[in-house]
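I have placed the structure first, in the form of structure tokens, so that the comments after it can refer back to it.
These values consider heavy atoms only, across backbone and side chains, with no hydrogens, waters or symmetry-generated copies.
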Amino acid sequence: MRIGLLTEGGYPYVTGEARLWCDRLVRGLEQHAFDVFALTRSAHQEQQGWIELPPQVQRVRTAPLWSADDGSGPGGRLGDGTGYRRRQRRRFAEHYGELAAAVCAGPAGSAGDGSASAEVADRFANALYGLAELARDEGGLAVALRSETAVRALERACRAPGATRAAHEARVPDLLLVAAQLEQALRPLSLDWYEDEEGGLGSVDLCHAASGGSAALPGLLAQHFFGVPLLVTEYGVQLRAHYLAGAGEQAGAPARALLAAFHGRLAAEVYRQAALITPGNTHARRWQEKCGAERAKLRTVYPGMAAGRFAEVGEAGADQADPDTLLWVGRIEPAKDLVGLLHAFAEVRKEEPKARLRIVGAPAHGEECETYLAHCRALAAQLFPDEADGVHAVGDNPVSFEELGGPEVPELADAYAAGSVIVLSSVVEGFPISLVEAMFCGRATVSTDTGAVVEVIGGTGLVVPPRNPKALADACVALLRDPERRERLGAAARARALELFTVEQNIAAFHGIYLEIVSHCPVRRDVLDEDGDPLPFANPAETHVAGRWSTAPGTDGEAGPRFGQWLAARKGARSGPSWAASGTAPEGEPVVAAAVSEGEA
């Protein structure tokens, strides 16, 4: 089948989110063809270029979310709609006004009773698709979305009866900021991707959005225009990221509230129209349910990680590690609470004077991360004045700050090999990748109870409350003093990681999900005659069965599907999960699809 992979700020570029996961998925599903539709976030990302793409990626179309320029890479042009006449301007004002009114009614789920909330959701959806149809008919919306007409429509919606208190309090600077942000978020409506010819979203069998938000918006339109089913995968819920980031330091409370309402409405519509939604963990799943996702559509699929790079360390066990060394690995930033970890280690040293703490971080990027790293170094020197001065080499002082890829830690596996207990001290965490890496290495772990930590650990490590240095220290001391317990926990952790968090598990799960969606929601494409009219009985009965089929009778002389394609489709249809025929999964269970040999889809 042909998959339209929708990404934002990641694959196929060298830098960005979900890049590794998308690359592993595409390479693992080599029996399918992929068309990548990528939205970029910065000029720097575009300048970095693409990673080397496998042959199953047949085309890539890109478009910028950071600039209003028409040029956007191979095959993705942003229309601006500069030729609007009076009728088109009136049509735009009507749809944009309806969209603004739905946004000013508040976030999804807050509009009073269920019927009122459903009415506002329908109002938002109709306005969104109305704008999309206008952009498709007239060549784009970029100019209209930045016009005075848009700002005045937004102002009228804010002043209308029934608008939220935050909307009533919005002033001109807030309205200008919100209008600019909405223009950027709605930029995918103006793309020239929505066509049913080869290379357009109408020609694919399935749209797979690698995140929610703007990345899923082209999939929504493909579903609206062509009936292409949409699969949404979120390993970090995009709406949560918008809530945490706000609209920047310059935004006031009214602007933040209005933008949060817009993204909430968009997320709810994406979840409503998606054929299936695959959260990466229960933490993300709860967010999606809160934002309106139907429980029957949810399938938990854990991220796939490459276990091979940690195989040597995991098979060797913890005997080679220093029994007195605690290890922290990750990106150094305030959310990781290294300050709390250093205070906890001070308590550990009182109980275990031989203990050492190694902090291995990725290179710091950005002023905030560099400032935080400097603060942590100064705190370590203050807590251990007789031993740590920030200059001594590893082993000369109880706390060391090392850079991943440097001379002390050339490879990530080398870091985990050196520690007997791996510590995670975060106060905010999504899916804890460093914990899974430690589990692959067979190491005992001590973690704070944030994000999906408890779900990932599953009883194979110690979990303590966040922002509690005393509890963190007590757990570390308990494991440092009990080598047999460390060994038992490490072995159990490795077995759990190899069962749930490998690339192979992830690829098998999505292979089964692809087959399920296409079998339940096949795209119905009409065959047209020379005059452009539908050709009756052009599609044989076999085309309603999932699989790759020959063209319709009379178009190239063939009467139906080739036997090899029929056999491959029959085999692929039997390879999905046992519950695929009914379209439901046991509540709360993750998807575990059977392994499928090459060529069976």
task = Locate the shortest heavy-atom distance separating A153 from Y96; write the atom from each residue and the value.
result = CB-CD2, 3.8 Å
Heavy-atom closest contact (A179 atom, L154 atom, distance) = N-CD2, 4.0 Å
inquiry  = Please enumerate all residues that pass side-chain hydrogen bond (donor to acceptor under 3.5 Å, both in side chains) together with E429, with sequence neighbours excluded.
reply    = K336, S426
query = In terms of side-chain geometry, is the basic nitrogen of D23 or R19 positioned less than 4.0 Å from the acidic oxygen of its partner?
reply = no
inquiry  = side-chain contact (heavy atoms from CB on, under 4.5 Å) for L131 and L141? Distances and angles first, verdict last.
reply    = CA-CA 8 Å; L131 289 173; L141 296 172; 4.0 Å; yes
inquiry  = Could you check whether R90 pairs with E94 (Lys NZ or Arg NE/NH1/NH2 to Asp/Glu carboxylate O, under 4.0 Å)?
reply    = no
message = Salt bridge or not between R299 and E516? Use side-chain N to carboxylate O under 4.0 Å.
response = yes
message = For the residue pair Q48 / T15, report whether a side-chain donor-acceptor contact shorter than 3.5 Å exists.
response = no
request  = Start with the C-alpha distance between Q288 and L298, add both sets of side-chain angles, then the distance that settles side-chain contact (heavy atoms from CB on, under 4.5 Å), and finish with yes or no.
outcome  = CA-CA 9 Å; Q288 291 168 339; L298 296 172; 3.5 Å; yes
key: Minimal non-hydrogen separation, V523 against D205, with atom names   = CG2-O, 3.8 Å
ask   = When rounded to the nearest 0.5 angstrom, what distance separates CG in D122 from CG in N126?
value = 6.0 Å
inquiry  = Using modelled atom types and a 3.5 Å cut-off, is there a donor and acceptor pairing between side-chain atoms of K297 and backbone atoms of Y271?
reply    = yes
task = Take the angle between the ring planes of Y514 and F510 and call it parallel below 30°, perpendicular above 60°, tilted in between.
result = tilted
ask   = If you measure from CZ on R136 to CD on E195, what distance do you get to the nearest 0.5 Å?
value = 9.0 Å
key: Heavy-atom pair of closest approach, residues L221 and A132   = CD2-CB, 3.6 Å
inquiry  = For the backbone of R285 and the side chain of K290, can you confirm whether one donor and one acceptor N or O come within less than 3.5 Å of each other?
reply    = no
ask   = Side chains of R2 and S203: is there a donor and an acceptor less than 3.5 Å apart?
value = no
ask   = Any chance CD1 of I433 has more than 12 other-residue heavy atoms, nucleotides or ligands included, within less than 6.0 Å?
value = no
request  = Would you please test L266 and L217 for side-chain contact (heavy atoms from CB on, under 4.5 Å) and show each step?
outcome  = CA-CA 8 Å; L266 179 59; L217 191 49; 4.1 Å; yes
inquiry  = Can a side-chain donor-acceptor contact be found between E269 and Y129 if the only test is distance below 3.5 angstrom?
reply    = yes
task = Would you name the heavy atoms of C521 and P229 that are closest together and state the gap between them?
result = O-CG, 3.4 Å
message = Just by distance, no angles: are the side chains of Y194 and H224 close enough, under 3.5 Å, to form a donor-acceptor pair?
response = no
query = Mind checking whether F501 and F431 have parallel, tilted or perpendicular rings, split at 30° and 60°?
reply = perpendicular
request  = Without swapping roles, check the side chain of E98 against the backbone of H95 for a donor-acceptor pair under 3.5 Å.
outcome  = no
inquiry  = Within the structure provided, determine whether C104 and L258 are in side-chain contact (heavy-atom separation under 4.5 Å).
reply    = yes
ask   = How would you list, by chain and number, every residue that makes a side-chain hydrogen bond (donor to acceptor under 3.5 Å, both in side chains) with R24, sequence neighbours excluded?
value = none
key: M1 side chain reached by Q31 side chain, heavy atoms, under 4.5 Å   = no
ask   = Are P218 and W193 side-chain neighbours, meaning at least one heavy-atom pair lies under 4.5 Å?
value = yes
remark   = Nearest heavy-atom contact between I277 and P279 is O-CD, 3.3 Å
message = With a 4.0 Å cut-off on N to O distance, would you call R61 and D192 a salt bridge?
response = yes
ask   = Got a donor-acceptor contact below 3.5 angstrom from the Q45 side chain to the R41 backbone?
value = yes
Atom pair CD (E198) and CG (D35), whose distance is rounded to the nearest 0.5 Å = 7.0 Å
inquiry  = Taking T282's backbone N and O only, do any of them form a donor-acceptor pair with E455's side chain (distance below 3.5 Å, no angle check)?
reply    = yes
task = Find out whether F34 and L53 are in side-chain contact, i.e. whether some heavy atom of one side chain is under 4.5 Å from a heavy atom of the other.
result = no
query = Do W50 and Y11 have side-chain heavy atoms sitting under 4.5 Å apart?
reply = no
inquiry  = Quick check: do I517 and H520 have side-chain heavy atoms less than 4.5 Å from each other?
reply    = no
query = With no hydrogens and no angle check, is any side-chain donor or acceptor of Q184 less than 3.5 Å from a backbone partner on L65?
reply = yes
query = Quick one: which of V36, L5, T7 gives a side-chain contact (heavy atoms from CB on, under 4.5 Å) with V60?
reply = V36
request  = Indicate whether the side chain of T40 and that of T62 have a donor and an acceptor atom separated by less than 3.5 Å.
outcome  = no
ask   = So, Q56 side chain and V26 main chain: donor-acceptor pair closer than 3.5 Å or not?
value = yes
ask   = side-chain contact (heavy atoms from CB on, under 4.5 Å) between V204 and F226: does it pass, once the steps are laid out?
value = CA-CA 10 Å; V204 303; F226 311 109; over 6 Å; no
Side-chain ion pair, E183 and R187, N-O less than 4.0 Å = yes
remark   = In this structure, CG of L220 is separated from CG of L128 (nearest 0.5 Å) by 7.0 Å
inquiry  = Are V456 and N281 packed together at the side-chain level, in the sense that at least one heavy-atom pair is separated by less than 4.5 angstrom?
reply    = no
ask   = Strictly by modelled atom types, are E234 and S211 linked by a side-chain donor-acceptor pair under 3.5 Å?
value = no
key: Pairwise side-chain contact, V301 with N506, heavy-atom cut-off 4.5 Å (strictly under)   = yes
ask   = How many angstroms lie between CD in Q223 and CG in L201, if you round to the nearest 0.5 Å?
value = 12.5 Å
Exercise: do Y302 and E499 side chains pair donor with acceptor under 3.5 Å = no
message = So, taking the atom named CZ in R27 and the one named SG in C22, what distance separates them when rounded to the nearest 0.5 Å?
response = 12.5 Å
